[in-house]
Chemist: 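Before we start, here is the structure in question, set down as structure tokens.
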Amino acid sequence: MNKIVQTAITPTREEDYPEWYQQIVKASDLAEKSPVRGCMVIKPWGYALWENMVRVLDEMFKATGVKNAYFPLFIPLSFLEKEAEHVEGFAKECAVVTHHRLEKGADGGLVPAGKLTEPLVVRPTSETIIGDSFAKWVSSYRDLPVLINQWANVVRWEMRTRTFLRTSEFLWQEGHTAHATAEEAMERTRQMLGVYATFVEEYLAIPVIQGEKTPSERFPGAVDTLCIEAMMQDRKALQAGTSHFLGQNFAKSSGIRFQSATKQEEYAWTTSWGASTRLIGGLIMTHGDDDGLIMPPRIASAHVVLLPIIRKASERQSVMEYVGQLADALREKVYGGRRLVVEIDDRDIGGARGWEWIKKGIPIRVEIGPRDIAADSVFFARRDGAHQEKQSLKRPDFLEKISEILDQIQANLFARALRLRKDHTVCIDDQDEFNRFFTPQNPEKPEIHGGFSLSRWCGSAECEAETKERLMVTIRCIPFEKGPNEVGPCVCCGRPSDRRVIFAKAY
RNA sequence: CGGGACAUGGCUCAGUCUGGUAGAGCACAGCGUUCGGGACGCUGGGGUCGCAGGUUCAAAUCCUGCUGUCCCGACCA
């Protein structure tokens with residue numbers, strides 16, 4: 001009977017990280033598999049998290065002058081064909097609509113009928129169709145800049161999917177802007193990357209490194225791609241947001257032209273930038289532990305769960321009344337720009353009830369029983385602490401300190417994640433050491449190993465490709481923040497270089 | 001798209017080798033006892049064994065094909 005379970009999630013991160021990820025998604029009630037290949041059902045607990053992300057990001061975008069709009073899900077094939085690199089980049093993963101009607105087939109089933117004259121591509125991204133609109137909207141430099149964002153779903157027919165990290169359909173926002181000068185467009189590209197970095201660090205409590213992609217890792221059709229990279233607990237890198245300077249590539253293919261102040265006809269300079277439901281995957285892999293998810297308070301689906309302890313039926317009414325009043329008082333409080341979200345769970349399912357909320361990652365669990373009511377105090381546990389660590393506060397003190405406690409959790413999660421990244425970020429100059437760093441002890445079932453290596457790179461695509469081929473390690477970014485600039489050998493070919501880049505295995 | 005593993009109730013799995021009418025634990029529903037860290041008893045509901053063929057008196061079990069899932073690659077947010 002004494003089944004001793006040490007962790008709520010099996011296996012642990014250490015035992016089998018990919019499997020732990022699958023299990024935590026299930027146990028935390030964020031999402032589940034759908035009948036559709038590669039697509040997920042985002043459940044209310046997960047969607048609330050997304051809604052919070054949307055709300056905060058949307059405000060941040062608007063604060064920079066961006067306005068929302070919506071463009072079609074379907075993109076004419078001919079649009080996609082306009083930009084050569086773009087086609088090449090996305091052609092392999094496009095879902096294509098070819099018919100517009102279903103008819104009864106011979107075997108009683110439905111078969112597509114009514115072939116379209118031009119196939120429609122389900123948007124993998126919207127540069128081309130938004131470019132078409134921009135071309136109509138822009139005729140003079142006075143029309144610029146155009147600053148647009150859309151919240152949408154996109155489809156990329158992936159070969160291998162992982163819930164939240166890579167699904168065939170996902171939710172995201174894509175910002176698209178057009179400017180009169182390259183400088184202004186480049187500035188916007190950087191600005192939006194900064195928005196992502198601020199959002200991910202301050203709300204998701206995920207430390208990121210801002211940098212520039214190498215040419216081989218650029219968005220198809222971009223002149224320059226900027227990104228934020230985060231380290232997950234298995235020490236692999238996750239790209240958490242990207243911002244692209246598209247030069248005049250899409251302006252030329254879509255015909256976004258304007259007359260300048262000096263009466264010259266010029267092509268506009270465009271940018272695009274996006275962040276997706278993948279951020280939820282990043283949040284899970286940054287903060288989750290072997291007991292389940294841990295949600296940073298500022299983005300959490302809910303902040304507090306109240307768990308009434310009812311020993312006798314006769315106590316029920318008084319306990320529930322007290323709990324209801326505490327909930328009301330908490331809901332008056334504003335934290336991180338929104339009112340506290342409080343759940344009350346009075347199900348009679350024993351200790352399993354508390355564990356469910358641990359797995360769901362709610363920041364604070366409160367137990368309210370007759371003893372607490374008698375003392376007018378609140379007995380609570382923080383999700384960022386050990387599950388048996390609980391403290392008691394007088395109710396007025398709890399109400400007064402709740403924001404402070406949530407802030408502590410938020411700060412603690414960020415500090416922990418930053419610590420992990422620091423502990424596994426190294427400067428490697430020697431090639432043998434580099435190889436050892438990225439080679440698992442057990443190649444059959446690789447253990448958690450490696451991390452971020454700040455190593456010199458000569459700048460050649462060959463060295464990049466060779467490293468990827470040999471070790472499955474790629475250059476995640478060329479960080480904006482320059483390290484020590486002394487010249488030394490490229491970690492791959494030995495040619496001199498003063499540029500350190502982040503090498504890592506990636507999602 | 002290559003290489004491997006797997007597919008039996010909501011979940012985890014047994015049963016497959018050796019063919020003979022579908023099982024367990026957990027979860028779920030009802031009742032009672034419980035409740036401050038993964039409760040217990042009784043009762044009950046729920047599965048055309050991934051799909052399609054084939055062999056056979058008889059298929060979860062043997063054979064063929066397909067589909068899906070997971071892991072490892074290639075590709076990508």
Side-chain angles (χ1 to χ4, degrees), chain A residues 1-8 10 16-19 21-23 26-27 32-38 88-94 124-125 154-174 196 213 216-220 225 227-229 237-244 272-282 291 307-313 315-316 319 346-359 365-373 377 379-381 386-390 392 440 443-446 468-469 472 474 506-507:
Chain A
M1 87 151 245
N2 280 334
K3 195 174 81 171
I4 294 166
V5 182
Q6 282 134 0
T7 60
T10 314
D16 186 343
Y17 197 84
E19 182 59 22
Y21 181 79
Q22 297 288 132
Q23 292 306 323
K26 204 183 292 178
E32 61 191 27
K33 295 286 164 52
S34 78
V36 186
R37 184 199 169 95
E88 203 183 319
F90 285 105
K92 292 185 292 289
E93 50 193 50
C94 285
T125 178
V154 285
V155 169
R156 296 183 188 173
W157 212 259
E158 298 291 348
M159 292 304 168
R160 188 180 162 194
T161 57
R162 294 242 262 157
T163 313
F164 289 120
L165 293 173
R166 184 173 297 104
T167 45
S168 294
E169 180 192 11
F170 57 92
L171 305 181
W172 78 344
Q173 58 66 220
E174 46 180 324
Y196 290 140
K213 285 293 187 190
S216 73
E217 297 269 338
R218 264 180 211 146
F219 175 76
T225 289
C227 62
I228 50 174
E229 296 283 332
L238 182 81
Q239 182 176 302
T242 49
S243 187
H244 315 290
S272 69
W273 25 277
S276 71
T277 39
R278 180 179 233 207
L279 286 173
I280 297 175
D291 283 330
L307 305 170
I309 307 294
I310 299 160
R311 293 160 158 278
K312 310 186 199 87
E315 290 169 353
R316 184 172 186 88
V319 172
D346 66 343
R347 290 174 301 164
D348 178 14
I349 54 171
R353 181 177 64 168
W355 281 103
E356 267 188 33
W357 290 100
I358 291 173
K359 287 186 277 193
R365 306 185 305 285
V366 176
E367 291 170 10
I368 298 289
R371 289 212 293 269
D372 309 287
I373 295 171
S377 67
F379 194 53
F380 69 99
H387 60 78
Q388 66 277 27
E389 259 173 42
K390 295 179 198 176
S392 192
E444 296 298 312
K445 192 172 174 295
K468 185 175 180 180
E469 173 77 21
M472 286 176 289
T474 50
Y507 275 97

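Values in this document were obtained by computation on a predicted structure and should not be read as measured data. Throughout, a chain's letter reflects where its sequence line sits, starting with A, and its residues are numbered from 1.
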Chemist: Does a side-chain N or O from A:Lys26 land closer than 4.0 Å to OP1 or OP2 of B:G10, or not?
Modeler: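 No, outside the criterion.
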Chemist: For B:A22, which nucleotide in any strand shown is its Watson-Crick or wobble partner with both distances under 3.5 Å?
Modeler: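 Checking every strand shown, B:A22 finds no partner, since no pair has both distances under 3.5 Å.
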Chemist: Is the number of heavy atoms from other residues, nucleotides or ligands within 6.0 Å of CD (A:Glu88) greater than 12?
Modeler: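 No - once you tally the heavy atoms of other residues, nucleotides and ligands closer than 6.0 Å, there are 12 at most.
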Chemist: On the nucleotide B:C75, are OP1 or OP2 found under 4.0 Å from the side-chain N or O atoms that A:Lys468 carries?
Modeler: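 Yes, A:Lys468 has a side-chain N/O under 4.0 Å of OP1/OP2 on B:C75.
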Chemist: Base, sugar-phosphate, or nothing: which does A:Phe170 touch, judged by heavy atoms less than 4.0 Å apart?
Modeler: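 Answer is base: heavy atoms of A:Phe170 come under 4.0 Å of a base.
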Chemist: Checking all strands, does A:Arg365 fall into the base, sugar-phosphate, or nothing category for heavy-atom contacts under 4.0 angstrom?
Modeler: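 Base contact.
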Chemist: Could you pick out which residue, A:Gly38 or A:Phe219, lies toward the 5' side of RNA chain B when each is mapped onto its nearest nucleotide?
Modeler: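 This one resolves to A:Gly38.
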Chemist: With a 3.5 Å limit on both atom pairs, tell me what B:C31 is paired to, counting Watson-Crick and G-U wobble, or say none.
Modeler: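 Answer to the pairing question: B:G41, which forms a Watson-Crick or G-U pair with B:C31.
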Chemist: P atom, B:U56 versus B:U61: distance in rounded Å?
Modeler: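 To the nearest whole Å, 16 Å.
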Chemist: Strictly by Watson-Crick or wobble contacts shorter than 3.5 Å, is anything paired with B:G2, and which nucleotide is it?
Modeler: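 Check on B:G2: paired to B:C72, both distances under 3.5 Å.
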Chemist: Using a 4.0 Å heavy-atom cut-off across all strands, classify A:Ile358 as base, sugar-phosphate, or nothing.
Modeler: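 If one applies the 4.0 Å heavy-atom cut-off, A:Ile358 turns out to touch a base.
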Chemist: If you look at every strand shown and take non-hydrogen atoms under 4.0 Å, does A:Pro124 touch a base, only sugar-phosphate, or nothing?
Modeler: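 Nothing: the residue A:Pro124, judged by heavy atoms under 4.0 Å, touches no strand.
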Chemist: Using 0.5 Å steps for rounding, measure from the CG atom of A:Leu165 to the CZ atom of A:Arg278.
Modeler: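 Output value for this atom pair is 6.0 Å.
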Chemist: Determine which nucleotide pairs with B:A14, using a 3.5 Å limit on both distances of a Watson-Crick or G-U wobble pair.
Modeler: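 Pairing partner: none.
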Chemist: Given that both distances must come in under 3.5 Å, which nucleotide forms a Watson-Crick or G-U wobble pair with B:A7?
Modeler: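 Check on B:A7: paired to B:U67, both distances under 3.5 Å.
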Chemist: Both A:Pro370 and A:Phe164 contact RNA chain B. Which one's nearest nucleotide lies toward the 5' end?
Modeler: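 This one resolves to A:Pro370.
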Chemist: Do A:Arg156 and B:C76 share a donor-acceptor pair, side chain to base, under 3.5 Å?
Modeler: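 Such a pair does not exist between side chain and base.
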Chemist: Are A:Gln239 and A:Tyr507 close enough, and set up right, to give a side-chain contact (heavy atoms from CB on, under 4.5 Å), and what steps lead you there?
Modeler: CA-CA 8 Å; A:Gln239 182 176 302; A:Tyr507 275 97; over 6 Å; no
Chemist: Taking any heavy-atom pair under 4.0 Å as a contact, classify A:Leu165: base, sugar-phosphate, or nothing.
Modeler: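 Base: the residue A:Leu165, judged by heavy atoms under 4.0 Å, touches a nucleobase.
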Chemist: May I ask you to say what A:Gly281 touches in the nucleic acid, namely base, sugar-phosphate or nothing, with a heavy-atom cut-off under 4.0 Å?
Modeler: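 No contact.
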Chemist: Rounded to the nearest 0.5 Å, how far apart are CZ of A:Arg37 and CD of A:Glu158?
Modeler: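 So the CZ of A:Arg37 and the CD of A:Glu158 are separated by 11.0 Å.
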Chemist: side-chain contact (heavy atoms from CB on, under 4.5 Å) between A:Lys213 and A:His244: does it pass, once the steps are laid out?
Modeler: CA-CA 10 Å; A:Lys213 285 293 187 190; A:His244 315 290; over 6 Å; no
Chemist: Does any nucleotide pair with B:C49 by Watson-Crick or G-U wobble geometry, both distances under 3.5 Å, and what is it?
Modeler: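 Looking at the geometry, B:C49 pairs with no nucleotide.
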Chemist: Using a heavy-atom cut-off of 4.0 Å across all strands, would you classify A:Glu93 as base, sugar-phosphate, or nothing?
Modeler: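 Sugar-phosphate contact only.
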Chemist: At less than 4.0 Å, is any side-chain N or O atom of A:Arg37 found next to OP1 or OP2 of B:G68? Yes or no.
Modeler: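 Yes, within the criterion.
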Chemist: Which base, if any, makes a Watson-Crick or G-U wobble pair with B:U55, both distances under 3.5 Å?
Modeler: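 No nucleotide pairs with B:U55.
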Chemist: Under 4.0 Å, counting only non-hydrogen atoms across every strand here, what does A:Ser276 touch: a base, just sugar-phosphate, or nothing?
Modeler: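 Contact class for A:Ser276: base.
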Chemist: For a quick check of understanding: with a heavy-atom distance under 4.0 Å over all strands, which category does A:Thr167 fall into, base, sugar-phosphate or nothing?
Modeler: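 Base, at least one base atom sits under 4.0 Å.
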Chemist: What interatomic distance, in whole Å, is found between P of B:G68 and the corresponding atom of B:A27?
Modeler: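 These two P atoms come out 34 Å apart once rounded.
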Chemist: Counting only heavy atoms not in A:Gln388 (residues, nucleotides, ligands), do more than 12 fall under 6.0 Å from its CD?
Modeler: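 Yes.
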Chemist: Considering only atom C1', compute the distance from B:A7 to B:A14 and round it to an integer number of Å.
Modeler: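 Between the two C1' atoms, the distance is 15 Å.
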Chemist: Classify A:Gln239 by what it touches in the nucleic acid, base, sugar-phosphate, or nothing, heavy-atom distance under 4.0 Å.
Modeler: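 Sugar-phosphate contact only - A:Gln239 comes under 4.0 Å of backbone atoms but never of a base.
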